[in-house]
Protein chains: 2
Amino acid sequence: MTTTPASAPAQDDDFLRLDQQICFSLNAAARAFGGLYRVVLKDLGLTYPQYLVMLVLWEHGGLPVKKVGEHLRLDSGTLSPLLKRLETAGLVRRERSARDERSVTVELTDEGAALRERALRVPRRIAAATGFELAEIEDLRSRLDRLTGTLDAAALEETPACE
Amino acid sequence: MTTTPASAPAQDDDFLRLDQQICFSLNAAARAFGGLYRVVLKDLGLTYPQYLVMLVLWEHGGLPVKKVGEHLRLDSGTLSPLLKRLETAGLVRRERSARDERSVTVELTDEGAALRERALRVPRRIAAATGFELAEIEDLRSRLDRLTGTLDAAALEETPACE
DNA sequence: CACAATTAAATTGTGCACAACTGAATGACG
DNA sequence: CGTCATTCAGTTGTGCACAATTTAATTGTG
């Protein structure tokens, strides 16, 4: 069928195909969401990751970079340049914490806080575009979260430094 | 609760939270898969997107860049540099098609074809790490594919140029 | 045949994710 | 008190995704 002779049992080929489809479907769905958010967030001037940061700040107010990263599973390598762009856009302000000079607190500017009003219509448009019932979304979400937890644990076990 | 007073009804806040969780859960799961594949694919010297390209070539043999992109939903802007890296690694060869000089055919080298043997063990390790039954994976996959289709259609409708 | 429209690949530019590293500040412990 | 490990943010480098543009080849149409 392919380049290899009969050395590999059919099961391996089946797995190969299946395995592609799980993670690939996941990636495809994430990228499809990205395309939709790109359109919807365009007039807010935000990318999807920037929107996520704003969601965290709208919900929790000023936070250290570290805490923002914990909410979004992102490290400073991703957040530092992203926050710099949000700062350039006038949506946030970054200040070294007085009590711990290592920490930088991210605060909303007035403009950043005001943007929330315009963002309120976003979720409805996204939810409508999925064509899913709320219950089905909830179900999907819980499966995905369980999957993420299992995968994280598995990646740790597979890492050389674990033994 | 947050920075805004009672001007926004509670529903909007709920949506805001929910909306984050659907796409966010999706992204988180995709990134968790990425972390696992990074570990598992390390000794093959492939990234996950490169692995996907190799899967397509192992299954279909030599293909034009366009066809590879159709299988993976990727355009030449992503594939060109990726294929260049695979070529540098000695796994593929790119040749201008004789019958259509616009098209470039991607072929496996002997080394690229041989790598398939070592890749056969990958899917089992990934599948095991998910901790999901095959049926549950299938179910999840079909939901995600349906979601992707709906989202793609919605993004088209939302695009200004659609009317 | 000529010429406009289309197609394929590559390039450019922006932004994200992540590993690895740097530098500064803090905290723990002898 | 001094030293050493840890923590936090930032930087660097690699690779991916995607929009927009470029270049060349092909196709369609008059």
Side-chain angles (χ1 to χ4, degrees), chain A residues 23-24 27-39 41-42 45-53 63-70 72-89 94-106 152 155 159-161, chain B residues 23-24 27-39 41-42 45-53 63-70 72-89 94-106 152 155 159-161:
Chain A
C23 183
F24 181 68
N27 265 283
R31 286 192 280 141
F33 255 121
L36 179 60
Y37 271 107
R38 197 169 302 120
V39 176
L41 292 177
K42 190 167 191 173
L46 294 175
T47 66
Y48 178 66
Q50 289 166 8
Y51 171 69
L52 288 183
V53 169
L63 284 179
V65 173
K66 184 76 193 304
K67 290 289 179 190
V68 176
E70 283 171 9
L72 302 178
R73 294 168 147 265
L74 294 173
D75 64 8
S76 68
T78 301
L79 285 175
S80 286
L82 191 156
L83 291 171
K84 200 176 292 184
R85 284 186 282 271
L86 286 180
E87 190 168 42
T88 303
R94 286 183 301 168
E95 287 167 9
R96 286 271 158 201
S97 163
R99 76 177 57 186
D100 184 345
E101 291 276 337
R102 294 170 302 181
S103 176
V104 168
T105 298
V106 187
D152 279 346
T159 300
Chain B
C23 183
F24 181 67
N27 264 284
R31 285 192 282 142
F33 255 122
L36 180 59
Y37 270 107
R38 197 168 303 120
V39 175
L41 292 177
K42 190 165 191 176
L46 295 174
T47 65
Y48 178 66
Q50 290 167 7
Y51 171 70
L52 288 182
V53 169
L63 284 179
V65 173
K66 185 76 193 305
K67 290 288 178 191
V68 176
E70 283 171 8
L72 302 178
R73 296 167 145 264
L74 294 173
D75 65 7
S76 67
T78 301
L79 284 175
S80 286
L82 191 156
L83 290 170
K84 201 176 292 184
R85 282 186 282 272
L86 286 180
E87 190 169 41
T88 303
R94 285 183 301 167
E95 286 168 8
R96 285 270 157 201
S97 164
R99 76 177 54 188
D100 186 344
E101 290 277 337
R102 293 172 302 181
S103 177
V104 169
T105 299
V106 187
D152 279 346
T159 300

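For the numbers below, each heavy atom of this structure counts, side chains included, while hydrogens, waters and symmetry mates do not. All values reported here derive from a predicted model rather than from experimental measurement.
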Strictly below 4.0 Å: does B:K84 bring a side-chain N or O up to OP1 or OP2 of C:dT11?
yes

Could you say whether B:A32 or A:E101 is positioned toward the 5' end of DNA chain C, judged by the nucleotide with the nearest heavy atom to each?
B:A32

Using Watson-Crick or G-U wobble geometry with both distances below 3.5 Å, tell me the partner of D:dG30, or none.
C:dC1

Quick one: is B:R99 getting a side-chain N or O under 4.0 Å of the D:dA25 phosphate, OP1 or OP2?
no

Which heavy atom of A:R73 sits nearest a heavy atom of B:A28, and at what distance?
CD-CB, 4.1 Å

Round to a whole Å and report the spacing from CG of B:L52 to C1' of D:dA17.
13 Å

For B:V53 and B:L83, the nearest pair of non-hydrogen atoms, with its separation, is CG1-CD2, 4.0 Å

Provide the closest heavy-atom pair for A:R31 versus B:L72 in the form atom of the first, atom of the second, distance.
NH2-O, 3.2 Å

Closest to the B:T78 side chain, choosing from C:dA8, D:dC16, D:dA9:
D:dC16

Taking any heavy-atom pair under 4.0 Å as a contact, classify A:K67: base, sugar-phosphate, or nothing.
nothing

Measure from CG on B:N27 to C1' on D:dC16 and round the result to the nearest Å.
14 Å

Measure from the side-chain heavy atoms of A:R102 and tell me the nearest of C:dT26, D:dC18, D:dG10.
C:dT26

Nearest heavy atoms of B:L46 and B:Y51, plus distance in Å
CD1-CA, 4.1 Å

Atom of B:V104, atom of B:R96 and distance for their closest heavy-atom approach:
CG2-CZ, 3.6 Å

So for A:S80 and D:dA9, does any side-chain atom that can act as donor or acceptor lie under 3.5 Å from a complementary atom in the base?
no

Less than 4.0 angstrom between a side-chain N/O of B:R94 and OP1 or OP2 of C:dA10, yes or no?
yes

With DNA chain C as reference, determine whether B:R38 or A:R85 sits nearer its 5' end, using the nearest nucleotide of each.
A:R85

From the options D:dG10, D:dA17, C:dA17, select the nucleotide whose nearest atom is closest to the side chain of B:L74.
D:dA17

Report which part of the nucleic acid B:S103 touches: base, sugar-phosphate, or nothing (heavy-atom distance under 4.0 Å, all strands).
sugar-phosphate

Using only modelled atom types and a 3.5 angstrom limit, is any donor from either the side chain of B:T47 or the base of D:dG15 paired with an acceptor on the other?
no

Look at all strands and tell whether B:L79 reaches a base, only sugar-phosphate, or nothing, counting heavy atoms closer than 4.0 Å.
nothing

Could you tell me the separation between the CG atom of A:L63 and the P atom of D:dA9, rounded to a whole number of Å?
11 Å

Indicate, with a heavy-atom threshold strictly under 4.0 Å, whether A:L82 touches base, sugar-phosphate, or nothing.
sugar-phosphate

So does B:E70 pair up with B:K67, basic N to acidic O under 4.0 Å?
yes

By nearest-nucleotide position on DNA chain D, the 5'-leaning member of A:D100 and B:G77 is A:D100

What's the OH-C1' distance between A:Y51 and C:dG15, to the nearest Å?
19 Å

For B:L46 and D:dG15, what is the distance between atoms CG and P respectively, to the nearest whole Å?
12 Å

Send over the distance from A:K66 NZ to C:dA25 P, rounded to a whole Å.
19 Å

